[in-house]
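Notes to accompany the following structure.
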2 protein chains.
Amino acid sequence: MIDTNFSKQLIDYIASRISLSLEESKLIAEAYSILHVKKKDYLISQDKAGNIEAFVIMGTFRVFYNDSKGLEHVLYFAFKDWWVGDIASFNSGELSMLNAQALEDSIVFTIDPIKKEKLLEQIPQLEKLFRIITQKHLTVLQKRFLLTVSANVAERYHELIQRHPGIEQLVPQHQIASYLGILPESLSRMKKQLLKD
Amino acid sequence: MIDTNFSKQLIDYIASRISLSLEESKLIAEAYSILHVKKKDYLISQDKAGNIEAFVIMGTFRVFYNDSKGLEHVLYFAFKDWWVGDIASFNSGELSMLNAQALEDSIVFTIDPIKKEKLLEQIPQLEKLFRIITQKHLTVLQKRFLLTVSANVAERYHELIQRHPGIEQLVPQHQIASYLGILPESLSRMKKQLLKD
DNA sequence: AAAAACTCTTAACCTACATCAACGTTTTCA
DNA sequence: TGAAAACGTTGATGTAGGTTAAGAGTTTTT
């Protein structure tokens, strides 16, 4: 059930942010379950109850929304030591708006809302940690939103590869296009144009 | 310093979400300061340390980003019983990316990061409340982002006026255009087009 | 090893919205 | 109350990115 080596990574992540007793570390390790997700498999699927929050131990995910016209929009990519989940669904029980698909064979720790609720009661310090993590997520999304509405595609492209060097080796270009909010053809065109300068 | 009538509104807001002792209510009322903001005045200004978080007692604010080309982008409008602040700046001490301007004479309760920190230590239950509030904000922003990238302007316009009936009486049309991510001319044209159907 | 699926590129054409400019109306404020 | 500022509309024109289609290269599956 619990792999000590893997759970160490989650414990380290938390312990580097708040102080944990051995007791508390054990409670955390027991609350989370390890899950192997094969390349192309889904950790979260749209229109199902997305009642999972995951911490990425290894691998990469694309988190995306499938709109009413069938177009996919990548909200973010999630790497090692990132959280993956549909926050709206996790906290309300509503159906998920998001899909999370593994881009390579991946390993995550997952928790459901009931276990998390219990864990937060057992370790009140976690309330503060998760408040801060959520604030950080909100900050990141706010920056992403403002950049999306204020910068052109070339600027957003440069911002992405600067923030994630090497992402182009890991993520297919059409998914980068989707993250940028354009079609693959347009990204291809833009990159060709960039070479001219 | 503290206006009992006004502070009651903030206390009610909090007390409807977590249980508060009289003692705790008093601590909250003392931690927040009342502030009157005149129409067109700024509660938060870009590129200053935006170290304020405010709860709107009365009035309306537009919260917007001023980009490098001088264009304004409305992130959200804030009404009675909403929170206003630049979460990134408030929690990091960085300069604010956002401006918050009163659209009418308004009254808010404000708090700075140090006082909030202290308050959270005095009333640990507030950690949970603010975690949940932040989650809610993240949920709202995520929906806004996904709608922005997946729906056309007419759809976004309808979503806005459905979610905020009466907003067109309160907010100038060019600011609604800014919220929708287009220029005033384009919104004017779109509305004319809508009438034809 | 062959077939199927996926990925990227290029080109021609189209569309939604931006840009620039002008003008009438309403609101603000001195 | 009169001038100035803010607001909304319309028109002409420009452009970034969407749409459609086709083909070539690569990876995955059987």
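Here is the naming used below: chain letters follow the sequence lines, and residue numbers restart at 1 for every chain.
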It should be established whether [X] places a side-chain nitrogen or oxygen under 4.0 Å from OP1 or OP2 of nucleotide [N].
X	N	value
His174(A)	dC8(C)	yes
Gln173(B)	dA6(D)	no
Ser188(A)	dC8(C)	no

From the set dG17(D), dA21(D), dT9(D), return the single nucleotide nearest to any side-chain atom of Glu185(A).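 Within the option list, the nearest is dA21(D).
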
Can you tell which of dG18(D), dT28(C), dG11(D) lies closest to the side chain of Lys39(B)?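 Within the option list, the nearest is dT28(C).
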
What's the [atom1]-[atom2] distance between [X] and [N], to the nearest Å?
X	N	atom1	atom2	value
Leu180(B)	dA18(C)	CG	P	11 Å
Asn152(A)	dT15(D)	CG	C1'	12 Å
Leu187(A)	dG18(D)	CG	P	10 Å
Asp67(B)	dA18(C)	CG	C1'	14 Å
Arg62(A)	dT7(C)	CZ	C1'	14 Å
Lys192(B)	dA16(C)	NZ	C1'	16 Å
Leu194(B)	dT9(D)	CG	P	12 Å
Gln193(A)	dT10(C)	CD	C1'	14 Å

Looking only at the side chains, is there a donor atom on one of Ser150(B) and Asp67(A) sitting less than 3.5 Å from an acceptor on the other? no

Remember a base hit wins even if backbone is also touched, and classify Ile182(A) as base, sugar-phosphate or nothing at under 4.0 Å, heavy atoms.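 The answer is sugar-phosphate, as Ile182(A) gets under 4.0 Å only of primed atoms, P, OP1 or OP2.
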
Touch check for Lys191(B), heavy atoms < 4.0 angstrom, all strands: base, sugar-phosphate only, or nothing?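 Since no nucleic acid heavy atom lies under 4.0 Å of Lys191(B), the category is nothing.
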
Taking the ring of Tyr32(B) and the ring of Phe55(B), is the distance between their centroids below 6.0 Å?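 Phe55(B) vs Tyr32(B): aromatic centres not under 6.0 Å.
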
Which of parallel (below 30°), tilted (30 to 60°) and perpendicular (above 60°) describes Phe79(B) and Phe77(B)?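 Answer is tilted, since the angle falls between 30° and 60°.
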
Take Ser186(A) and Val153(B), find for each the nucleotide of DNA chain C with the closest heavy atom, and name the residue whose nucleotide sits nearer the 5' end.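 Final value for this comparison: Ser186(A).
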
Write down the atom of Ala100(B), the atom of Val84(B), and the distance for their closest heavy-atom approach.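 Taking Ala100(B) first and Val84(B) second, the nearest heavy atoms are CB-CG1, 3.7 Å.
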
Could one point to a donor on the side chain of Arg189(B) or the base of dT19(C) with an acceptor on the other under 3.5 Å away?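 Yes.
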
Applying the side-chain contact (heavy atoms from CB on, under 4.5 Å) criterion to Phe64(A), which one of Leu75(A), Asn99(A), Leu98(A) satisfies it?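 With Phe64(A) as partner, Leu75(A), Asn99(A), Leu98(A) yield a single side-chain contact (heavy atoms from CB on, under 4.5 Å), made by Asn99(A).
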
